[in-house]
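Predicted, not measured: the structure shown is a model, and the values here were computed from it.
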There are 2 protein chains.
Amino acid sequence: MTSPRRVLVIEDEKMLRMALVDALVSEEFDVLQAADGEGGLELALAEGPDLILLDLMLPKRDGFSVLRAIRQDRLASHVIILSARGEEWDRVQGFEYGADDYVVKPFSMRELLLRIRALERRDAGGAPGIEDASGRVRIGQVEVDFAAYCVVRGEERMGLSRRELELLRYFLLHEGEAIDRLRILTDVWGANEAPTTRTIDTHVLKLRKKIEANPADPVHLQTVHGVGYRFTRRD
Amino acid sequence: MTSPRRVLVIEDEKMLRMALVDALVSEEFDVLQAADGEGGLELALAEGPDLILLDLMLPKRDGFSVLRAIRQDRLASHVIILSARGEEWDRVQGFEYGADDYVVKPFSMRELLLRIRALERRDAGGAPGIEDASGRVRIGQVEVDFAAYCVVRGEERMGLSRRELELLRYFLLHEGEAIDRLRILTDVWGANEAPTTRTIDTHVLKLRKKIEANPADPVHLQTVHGVGYRFTRRD
DNA sequence: CATGGCCTGTCAACGCGATGTCAATTCGGA
DNA sequence: TCCGAATTGACATCGCGTTGACAGGCCATG
């Protein structure tokens with residue numbers, strides 16, 4: 001899940017740019033930055049970051065122009081526009097298309113991070129493996145509906161908490177692989193948070209209760225003694 | 001992916017129209033386009049596309065007029081309204097004329113594509129449209145009458161305020177999906193308004209009192225802790 | 001094959017952030 | 001201006017995530 005998350009910040013106002021970079025770095029993004037449109041566009045095209053935070057009012061080349069150029073280059077980067085509500089707002093209404101989201105200045109770092117996370121979730125969102133037409137993933141006797149945050153077992157539906165869902169998605173991504181607890185922690189929880197490895201066991205326990213036919217004798221979520229866990233979809 | 005998916009884009013603003021067409025073509029839609037209401041209506045009637053993206057503010061013939069004419073012609077096309085005004089009135093009005101969904105400008109291409117996909121899924125699933133013949137929607141024990149702004153529970157009728165109605169409609173359009181508060185805010189309230197996320201809770205509270213048999217133990221409007229809410233129609 | 005030590009399963013309890021709830025205030029349309 | 005709706009804030013409550021304790025289980029060693 002934690003693929004290289006590289007962000008390019010294109011913002012001329014120094015204070016704001018630094019604040020953004022700081023916040024992003026502490027969220028463990030790789031951060032690139034540029035102070036004007038031209039430099040930003042060059043960096044974007046050269047590096048192809050996963051996400052671009054784009055101010056609209058920029059020296060040398062305004063944000064609209066940058067966005068258009070980026071899209072013409074078929075760059076797959078996500079773009080979140082940072083716009084002031086003032087003058088350009090009307091133009092935003094007409095021009096902002098091709099961006100994935102927009103945040104109106106002044107905004108709180110918290111709000112921005114929430115939107116970035118939402119974007120990531122939508123991106124990783126679907127599911128790794130084969131999902132059926134309704135967007136669900138089958139695991140043995142049950143189906144997981146990631147969009148709905150729940151597992152479906154016949155007629156019965158059980159909710160999944162966010163951690164449970166993220167953990168399950170992680171296992172799905174690494175199907176058949178024995179994964180040690182430390183890696184699970186850093187990949188699913190992130191390096192900022194540092195719970196005990198016991199926490200994982202508890203979550204595995206809860207997942208087993210929800211996806212295993214017989215939680216006491218797990219088929220899909222197996223223990224690899226001295227290492228961690230291994231996940232399988234087939235029965 | 002599926003059968004002939006033909007889309008007609010009716011939008012006067014050139015940049016936006018081009019952006020839309022590009023995005024749709026790269027999603028492998030057959031795309032038709034028109035720059036004003038009259039041309040759009042002609043194309044719609046002549047070609048009967050599966051989906052129409054309809055701007056409201058158009059030269060020669062506004063979007064409402066086009067929509068009305070399309071429906072009078074018993075055209076089966078789905079219609080998604082692109083509303084620049086962001087006024088609730090527009091949205092409600094649009095639904096009364098038989099639009100299937102609306103997107104408020106400025107919107108992200110991603111969001112639009114998600115809506116289109118949702119529409120396709122609803123369509124393919126053989127799921128009936130949102131409203132039945134009488135224009136009402138059944139939710140468990142109650143019925144919602146959108147035209148009359150009220151819910152009917154047996155003999156009892158309770159009024160719905162505009163926001164309540166908007167929110168409820170949004171949930172219906174995204175049935176079975178866990179939606180985070182931020183998305184609800186931008187989608188239902190629009191980007192120009194920015195109330196607290198707490199506001200949503202209050203409205204959910206009021207909706208629950210009106211549609212749930214036991215508001216303290218909600219069946220249809222469930223909370224997904226740490227995420228947002230999930231709506232279901234069935235009991 | 002038996003034993004000890006480490007690893008995991010399981011559960012109950014706690015803390016904190018998220019949500020439910022309502023009253024007070026602001027907003028917006030006749 | 002007036003009235004109802006929308007929004008906000010305060011406070012109560014709830015649920016998840018986390019932890020620690022204990023009971024087993026697994027493996028390595030002898």
**Asked** Given C:dC11, is OP1 or OP2 found less than 4.0 Å from the side-chain N or O atoms of A:K209?
**Response** yes
**Asked** Between A:D201 (CG) and D:dA21 (P), how many Å, whole number?
**Response** 16 Å
**Request:** Count the heavy atoms of every other residue, nucleotide or ligand shown that sit under 6.0 Å from CG of A:L182, and state whether that count exceeds 12.
**Result:** no
**Fill in**
When rounded to whole Å, the CD to P distance for the pair B:E166 and D:dA6 reads 10 Å
**Message:** For a side-chain contact (heavy atoms from CB on, under 4.5 Å) check, start with the C-alpha distance between B:T232 and B:I139, then their side-chain angles and the critical distance, and finish with the verdict.
**Reply:** CA-CA 8 Å; B:T232 326; B:I139 300 175; over 6 Å; no
**Request:** Please report the C-alpha distance between A:R181 and A:D201 in whole Å, then the side-chain angles of each, then the deciding distance to 0.1 Å, and finally whether the side-chain contact (heavy atoms from CB on, under 4.5 Å) criterion is met.
**Result:** CA-CA 9 Å; A:R181 292 183 169 72; A:D201 300 314; 2.9 Å; yes
**Prompt:** Which letter, B, S or -, goes with each nucleotide of nucleotides 22-30 of chain D from 5' to 3', with contact meaning a protein heavy atom under 4.0 Å?
**Reply:** ----S----
**Bending between helix ends of the helix from C:dC1-D:dG30 to C:dA30-D:dT1 [5 pairs per end, 10° resolution]** = 40°
**Request:** Let me know the distance between NZ of B:K210 and C1' of D:dA5, rounded to the nearest Å.
**Result:** 10 Å
**Prompt:** In terms of side-chain heavy atoms, does B:R162 have a donor or acceptor partner in B:Y149 at a distance below 3.5 Å?
**Reply:** no
**Asked** For the pair made of CG in A:L182 and P in C:dT8, what is the distance, rounded to whole Å?
**Response** 12 Å
**Asked** OP1 or OP2 of C:dT19 sitting under 4.0 Å from any side-chain N/O of B:T223?
**Response** no
**Prompt:** Where is the tightest heavy-atom contact between B:R17 and B:E11, given as atom of each residue plus distance?
**Reply:** NH1-O, 3.0 Å
**Separation of atom CZ in A:R162 from atom C1' in C:dT19, rounded to whole Å** = 14 Å
**Item:** Phosphate OP1/OP2 of C:dG9: any A:Y229 side-chain N/O under 4.0 Å
**Value:** yes
**Message:** Check the phosphate of C:dG20 against B:T202, side-chain N and O only, distance under 4.0 Å to OP1 or OP2. Yes or no?
**Reply:** no
**Fill in**
CZ of B:R61 to CG of B:D36, rounded to nearest 0.5 Å, is 10.5 Å
**Asked** When the distance from CD of B:Q222 to P of D:dC16 is rounded to whole Å, what number comes out?
**Response** 12 Å
**Asked** Roughly how far, to the nearest 0.5 Å, is the CG atom of B:L82 from the CD1 atom of B:I10?
**Response** 9.5 Å
**Request:** Return no unless some side-chain N or O of A:H203 is found under 4.0 Å from OP1 or OP2 of D:dT18.
**Result:** yes
**Item:** Residue-phosphate contact under 4.0 Å: A:W189 side-chain N/O, D:dT18 OP1/OP2
**Value:** yes
**Message:** By nearest atom, which of the nucleotides D:dT18, D:dT7, C:dT10 is closest to the B:K206 side chain?
**Reply:** D:dT7
**Request:** Rounded off to whole Å, could you give me the CD1-to-C1' distance for the A:I200 and C:dT8 pair?
**Result:** 12 Å
**Prompt:** Can you find a pair of side-chain heavy atoms, one from A:V224 and one from A:Y229, that are under 4.5 Å apart?
**Reply:** no
**Message:** Less than 4.0 angstrom between a side-chain N/O of B:T196 and OP1 or OP2 of D:dT8, yes or no?
**Reply:** yes
**Asked** If you measure from the Lys or Arg side-chain nitrogens to the Asp or Glu carboxylate oxygens, is any gap between A:D145 and A:R136 under 4.0 Å?
**Response** yes
